[in-house]
Every structure is written in structure tokens, then in C-alpha cells.
Amino acid sequence: MIFTCSDDLDLEKIAGSGQCFRWTMQDNGFCRIIAGSEHLHIRRKNVSQLEADCSKEKFEAFWYRYFDFQESYKEIRKKIDPEQDPFLYQAAIYGQGIRILRQDPWEMLISFIISQRKSIPAIRTAIENLCRMAGTAIETESEQNVLYAFPTPEQLAMLTAQQLSECGLGYRTEYVRRAAKAAADGIIDFDRMRQMEDLTLEQSLECIYGVGTKVANCTELFGFHRLNSFPRDVWINRVLETEYPQGYPFTAYEPYNGVMQQYMFYFYRGQSGR
DNA sequence: AGGCAGGTTCTTA
DNA sequence: TAAGAACCTGCC
């Protein structure tokens, strides 16, 4: 199907924004997205239109929400005053087209547990290994290329520590193993967590072994769509130190601090050559 | 070849 | 409560 997109959407920028690890820019110009047990090939056709290999019904039922099209990122960016905050203004221009996807909380929790002290390519590899090891095959693109869904808590909980370790998880093996078991047992209850206030949600996430402030914040922002959550990684800390020595104006950007974080992250990494 | 990587936990004072 | 060490291993 072909559809019109009037708000910001830049597939390449989102693919490189560090919020998703199963987006692949293909040689044919399409971006392949695997989300949970869904997948999509999508590309920009022209300035106002996108092309995707799914039905209108499927797009409306799943992908419209996934891309967060009900939110206007143009409007959010209007909160930035170029006089007051020239750095963020510049970062937002550079990052125009980034959106905060509505991804699955479970997938985000595990992905960001894995992310600690790993480079982005290494994170992607580890996640693909996990999906191949435990996930359900969802489609065969070619004889060699089978796509796998992200494993369910039950599927992950069934793996042995040995199998998890073979996915390249290193010392995160035990974190993933325990999170999978807790989720499979219902001790981690994502439906209940959806109902929680931001602060309560954060506290619940940080109770999980292997989950500290950073991983909790990423899970909140990318998995629970808490747009005010502001993950602080090494890059963002550098930004705050160099660009905002007198303090960053969090209150000015509520409740969208997480969106601004994405602009700054993407801009700063782009500037410093990866 | 060898250091470093989107953090968290554990230990020690 | 705060600072420092230890942790696995794939990547560049």
C-alpha cells in the first residue's frame, strides 16, 4: 500500500537513533522492520508518500500505532525556542523525522538489558542470535533468510544458561534468564505496569535484576511510551556537560523530555562521527 | 592485536 | 552514601 505522511518520519534516522535494533536498511531502498512477531518492508516513495508491503487494514491495525502517527512531532518541536536553546534547536532540525516508536515493553526490556556495555552492532547481533535461538519463525524471505519473531518470555525462559550464553550475552546471561523467568511467571506483569504512574513504573523496573536507571528509562521511553523519560547514557552526559554546564531546562520541555533526548543523542553522535 | 563498548552489581570505607 | 572494581565478549 501507499500512504500519505504529513508529519515527520525519516526511516534512516530512526534506524540509526538507537531505539530499535531490528530495523535494517536494505539495498533495494526498503527498510525491513521486525517488531514482536510482525514485520514490514517500507520506504519513502516521495516527499509526502510512503510505500509498505502490507494491507491498509494491517497498517491501520498495527503499524499506524507502532509509528506513533497520532502524535505530531512537528508540534513537539515547536516547544523549542531558538533564542533560549540554540543547541537543542539545531539538534532538532538535524534529527527532524525521528519519532518515538511504540515498541513492545518486553522486547525493550530485554533489548536494553543486553545493551549495557555493548556497541550497537554487538547489541543487534546478540538480539538476532536470541531470536534465532528461541523465537518463532515468521517468514522465509529466501532459502537462507528466515525471519524470527522476538521470543516470548516463555520461549526465553526455556533456554538453558548455556544456550543464552551462546547468543553472546556474556555476563548479561543471568540478567536475561531471571527477567525471562519472572515475566513467564507473571512476577513481571506488563499489563499492570502500563497502568502505573511514571515514578512507580520506574521503581518496578529497577527492582528487576540487571536493570538500573538507564535501562529502566529506556524501557519506559521506548517500551511504555513515557515520552518524558530521559535516559542518560555516556553520550547524553557528555552533551549535558559540554552544552549545558549550568543545567538542562527539563521543566521547559515537559512532558516531552524523552523526545528532546533523542534529538540530542542523534545529533551529538552524528557530529562526533559515531 | 588489544582496548573499548548506550551499565549494573558487588565490595569496601 | 559514595566511590571503585569486576563483569563477558563482539567489534573496530
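Residue numbers start from 1 in every chain, and the chains themselves are labelled A, B, ... in the order their sequence lines are given, proteins ahead of strands.
Comparing the P positions of B/dG6 and C/dA6 gives an interatomic distance of 22 Å, to the nearest angstrom. Between the P atoms of B/dA1 and C/dC8, the separation comes to 25 Å (whole Å).
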Query raised in the report: Could you walk me through whether A/Tyr248 and A/Met264 pass the side chain to side chain contact (heavy atoms under 4.5 Å, CB included) check?
Result: CA-CA 12 Å; A/Tyr248 178 80; A/Met264 290 194 286; 3.6 Å; yes
Query raised in the report: Can you check side chain to side chain contact (heavy atoms under 4.5 Å, CB included) on A/Ile236 and A/Phe230, steps first, answer last?
Result: CA-CA 9 Å; A/Ile236 287 296; A/Phe230 190 91; 3.7 Å; yes
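A heavy-atom distance below 4.0 Å to DNA chain C is reached by none of the residues of residues 99-113 of chain A. Proximity of residues 211-225 of chain A to DNA chain B (heavy atom under 4.0 angstrom from any strand atom) is restricted to A/Val211, A/Gly212, A/Thr213, A/Lys214, A/Val215.
With a heavy-atom cut-off of 4.0 Å to chain A, the contacted part of DNA chain B has its first and last nucleotide at B/dA5 to B/dC10.
Under the salt bridge (Lys or Arg N to Asp or Glu O under 4.0 Å) criterion, A/Arg22 pairs with A/Glu128, sequence neighbours left out.
Residues A/His41 and A/Asn28 fail the side-chain proximity criterion, which asks for heavy atoms closer than 4.5 Å.
Just one of A/Thr219, A/Val176, A/Leu169 meets the side chain to side chain contact (heavy atoms under 4.5 Å, CB included) condition when paired with A/Ile113; it is A/Val176.
Contact annotation for A/Gly18: base contact, defined as any heavy-atom pair under 4.0 Å involving a base atom. A/Glu206 comes within 4.0 angstrom of nothing in the nucleic acid, heavy atoms only. Across all strands, A/Ile208 comes closer than 4.0 Å only to sugar-phosphate atoms, never to a base (heavy-atom distances). Residue contacts for A/Ile120: at a heavy-atom cut-off of 4.0 Å it reaches a base atom on one of the strands shown.
Here the closest non-hydrogen pair linking A/Phe190 and A/Ala183 is CE1-CB, 4.1 Å. Heavy atoms only, all atoms of each residue included: A/Ile127 and A/Ser111 are closest at CD1-OG, 3.5 Å. The two atoms that bring A/Leu156 and A/Ala180 nearest to each other are CB-CB, 3.8 Å, heavy atoms only.
Listed by chain and number, the hydrophobic cluster partners of A/Ile42 are A/Met1, A/Phe3, A/Leu9, A/Leu11, A/Ile14, A/Trp23, A/Ile33, A/Leu40, A/Leu50, A/Phe59, A/Phe62, A/Trp63, A/Tyr64, A/Tyr66, A/Phe67, A/Phe69, A/Leu101, where partners are ILVMFWY side chains within reach of under 4.5 Å, directly or through others. The hydrophobic cluster around A/Ile2 extends to none of the other residues, as no ILVMFWY side-chain heavy atom falls under 4.5 Å of it.
Taking the nucleotide of DNA chain B with the nearest heavy atom to each of A/Gly210 and A/Arg238, the more 5' of the two is matched to A/Arg238.
The salt bridge (charged side-chain N to carboxylate O under 4.0 Å, His left out) contacts involving residues 171-181 of chain A comprise A/Glu174-A/Arg177, A/Lys181-A/Asp185, where partners must be two or more places apart or lie in separate chains. Screening residues 28-39 of chain A for salt bridge (charged side-chain N to carboxylate O under 4.0 Å, His left out), with sequence neighbours left out, gives A/Arg32-A/Glu141, A/Glu38-A/Lys58. For residues 196-216 of chain A, every residue pair satisfying the salt bridge (charged side-chain N to carboxylate O under 4.0 Å, His left out) rule, not counting sequence neighbours, is listed here: A/Asp198-A/Arg226.
Centroid-to-centroid, the aromatic rings of A/Tyr268 and A/Tyr94 stay 6.0 Å apart or farther.
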Query raised in the report: For DNA chain B, what string of dots and brackets results from 5' to 3' when Watson-Crick and G-U pairs need both distances under 3.5 Å, crossing pairs get [ ], and pairs with another strand get |?
Result: .||||.|||||||
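Using a 4.0 Å cut-off between charged nitrogen and carboxylate oxygen, A/Arg238 and A/Glu241 do not count as a salt-bridge pair.
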Can you give the donor-acceptor pairs under 3.5 Å from side chains of residues 81-89 of chain A to other protein atoms, not counting sequence neighbours?
from    : atom 1 : to       : atom 2 : distance (Å)
A/Asp81 : OD1    : A/Glu83  : N      : 2.8
A/Asp85 : OD1    : A/Leu88  : N      : 3.3
A/Asp85 : OD1    : A/Tyr244 : OH     : 2.7
A/Asp85 : OD2    : A/Tyr244 : OH     : 3.4
A/Asp85 : OD2    : A/Tyr253 : OH     : 2.7

Report task. List the protein contact pattern of nucleotides 5-12 of chain C with one symbol per nucleotide (5' to 3'): B for base contact, S for sugar-phosphate-only contact, - for none; contact means a heavy-atom distance under 4.0 Å. Result -> --BBS-SS
